[in-house]
Amino acid sequence: MSFDAEKVRRDFPILHQEVHGRPLVYLDSAATSQKPQAVLDAVSRYYERDNANVHRAVYELAARATRDYENARATVASHLRATDPREIVFVRGATEAINLVAQAWGRSNVGEGDEILVTGMEHHSNIVPWQILCEEKGATLRVAPLDDAGDVILEEYEKLLSPRTRLVALVHVSNALGTVNPVEEMGALARDRGIPVLVDGAQALPHMEVDVQNLGVDFYAFSGHKAFAPMGIGALWARSEHLEAMPPWQGGGEMIASVSFEKSTWNDIPWKFEAGTPNVGGAVGLAAALEYLERVGLDAVAAWESELLAYGTEVLGEVPGLEMVGRARRKAGVLSFVLDFAHPHDVGTILDREGIAVRTGHHCAQPVMERYGVPATVRASLALYNSREDLDELARGLAVVREMFG
Ligand code: PMP
C-alpha cells in the first residue's frame, strides 16, 4: 500500500503552527501522539449528539452512548485480532492496565517464593506494580539483562524462566531504546513452561500491526493517547479464561450484578473490571484513531517509519560527538542519544527555541539509563506524520547546540 506522507500530515491540524517563530517539528510521539482530525471530529460529534451515561437508562441518548461505547470495544477487539470483545477492558492507559493485572490476577496467582520476570528495558509502569505485588506477597522480581546494543540476552532470559516464575511481563517496544522485542519467541519460551505472559504494548500500537493471537500471549496493555486517541483511555486485552477467573480489582457501580449489605455479586466480563462511569468519549476517540490507522494502512505506516528511522540514524550518525543509546537488531520509532558537548536538558531547551520538540530525561526507565551509564538521553521519537525534513531540522538544531556549547 502506498503512503502519502503529505496527506497524512495534513490530517493533523496541530502540526501546522509556528513555535517560537519557527514551524513546529514534533518529535515526541513516544510521550504522546498528536490527533488526526477524524479523532477530533468523532469525539466532538459524540459530545454534540450522543453524550449520556452508559448502561443505565432507557432513553435514546443513553442507548446511543452505550452503543457507541460497546462498538468502540468491538473496534479495539478487531484491531488487536482478539476473538471476543469481552476480552477488552477499557482503562485509563497502559499503566492502569498493568496495575489491574498485578492486583486482580497477581493477588490470586502469586505467593511467597514466587517470581515475576521482567526485562531490563521496562518502563516504570511495568516494574513498580510488580514490585508492589512482590512486596505484598513475599515474591521476587527477576530481570532479564540487556546487551550493549539494547537487546534482551535471550539465553539469560531463558535461564531465568524457572519453576517459580508465575508471570513474564515484557515491553513490546521500548520507549527509551526503541528495541522491538521478539515477543512471539520470548512468549513461546514462557508458554512452553506454562508461564503466562503480559505485554506492555504502549509503544507498539502506533507503529505496527498487533495481533494478539499471533503473539500468543495472555495480556496486552496499551494507552490510546500514544496511538492518536485522546488521553485517559486505553485497554487491557486478556484471554477470557483469565478475566473469568480473576476477582474484580475496583468496586463500585457497573461492576456488580447485585449488591446487598451482606454480599455483592459481580457483573460479567469485561464490565466486572470497569467500576464507575467510563470514559465513553475517549473510547469513541480510540475507535476512531484505530480506524484511522487502518485506513492509512499499518504495513504502509511500518514501512514509512522504518525508512524514517534509517534516515534519522544516518543523519544523526553524522553529528560529531553524538552517541546513539539503543542500536537493537529491530527498532521502532525511537532515536535516543547523548552528546559529548552538551547535557540533554540543555539540548532540549535549545531545540525548543528552534521549534523542535524532543524529550530529554530518563523517560521513566531509570534502570535503562543506569545500564548504559547515562543520567539521561535526548529522545527524538517518530510517528506516521513525521518527515525526512523533520529529521533534517533536528540535525540543524543540533548544529545550533554545538555552536553554543561545542
Ligand atoms: N509503557 C511504555 C513502554 C511507555 O512508553 C509508557 C508511557 N511513556 C507507558 C508504559 C505508560 O503509559 P501511560 O502513561 O499512558 O499509562
Side-chain angles (χ1 to χ4, degrees), residues 26-35 39 76 89-103 116 118-132 143-144 146 150-152 168-181 183 186 197-208 210 215 217 219-237 249 279 282-283 285-286 289-290 305 325-326 328 330-336 357-369 371 376-383:
Y26 188 73
L27 289 170
D28 196 21
S29 295
T32 199
S33 65
Q34 300 302 350
K35 322 303 171 199
V39 168
V76 174
V89 180
F90 281 124
V91 288
R92 270 194 302 132
T95 303
E96 190 169 68
I98 297 168
N99 277 279
L100 190 166
V101 178
Q103 293 187 33
I116 306 282
V118 298
T119 79
M121 68 177 87
E122 300 307 319
H123 186 277
H124 296 165
S125 61
N126 203 23
I127 301 173
V128 183
W130 306 117
Q131 282 174 326
I132 294 172
V143 184
L146 310 180
D151 282 303
V152 175
V168 168
L170 81 146
V171 73
H172 197 164
V173 177
S174 156
N175 66 310
L177 301 168
T179 308
V180 181
N181 277 315
V183 169
M186 292 172 75
V197 179
L198 173 139
V199 178
D200 169 2
Q203 297 293 346
L205 216 71
H207 302 298
M208 61 187 67
V210 171
L215 289 177
V217 296
F219 302 98
Y220 199 92
F222 74 89
S223 300
H225 73 95
K226 296 189 196 270
F228 319 109
M231 289 191 180
I233 188 74
L236 169 72
W237 167 81
W249 79 306
N279 181 356
L286 175 56
L290 298 179
E305 289 187 18
V325 180
R330 198 175 153 217
K331 282 181 65 173
V334 169
L335 294 157
S336 216
V358 294
R359 176 67 44 138
T360 58
H362 54 61
H363 318 297
C364 295
Q366 285 181 1
V368 173
M369 302 298 117
R371 166 66 182 83
T377 73
V378 182
R379 182 187 69 189
S381 55
L382 306 169

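Counting convention: from 1, in listed order, for ligands and their atoms alike.
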- Short list, please: which atoms of ligand 1 are under 4.0 Å from a heavy atom of Ser125? 1 (N), 9 (C), 10 (C), 11 (C)

- Note on the structure: of all protein heavy atoms, closest to atom 3 (C) of ligand 1 is Asp200 OD2, 3.5 Å

- Task: State, to 0.1 Å, how close Tyr26 and Ser29 come at their nearest heavy-atom pair, and which atoms those are.
- Result: CE2-OG, 3.6 Å

- Message: Taking the side chain as everything from C-beta on, heavy atoms only, tell me whether Ile127 gets closer than 4.5 Å to Val143.
- Response: no

- Note on the structure: Heavy-atom closest pair (Val368 atom, Gly120 atom, distance to 0.1 Å) is CG2-O, 3.5 Å

- Task: For atom 13 (P) of ligand 1, state which one of Ser223, Gly93, Gly224 supplies the nearest heavy atom.
- Result: Ser223

- Query: Which atom names give the shortest non-hydrogen contact between Leu382 and Leu27, and what distance separates them?
  - Reply: CD2-CD2, 3.8 Å

- Proximity to ligand 1 by part of Thr95, non-hydrogen separation under 4.0 Å: both

- Task: Give the numbers and elements of all ligand 1 atoms closer than 4.0 Å to a heavy atom of Gln203.
- Result: 3 (C), 4 (C), 5 (O)

- Message: Are Trp130 and Val101 packed together at the side-chain level, in the sense that at least one heavy-atom pair is separated by less than 4.5 angstrom?
- Response: yes

- Message: Please confirm whether Asn126 approaches ligand 1 to less than 4.0 Å, judged on its heavy atoms.
- Response: no

- Among all protein heavy atoms, pick the one closest to atom 4 (C) of ligand 1 and tell me residue, atom and distance. His123 CD2, 3.4 Å

- Residue Val171 vicinity, atoms of ligand 1 by number, heavy atom under 4.0 Å: 3 (C)

- Message: With heavy-atom distances below 4.5 Å as the criterion, would you say the side chains of Asp28 and Arg379 are in contact?
- Response: yes

- His363, portion touching ligand 1 at heavy-atom distance under 4.0 Å: neither

- Does Lys226 reach ligand 1, in the sense of a heavy atom lying below 4.0 Å from it? yes

- Item | Ring centre gap for His207 and His172 strictly below 6.0 Å | no

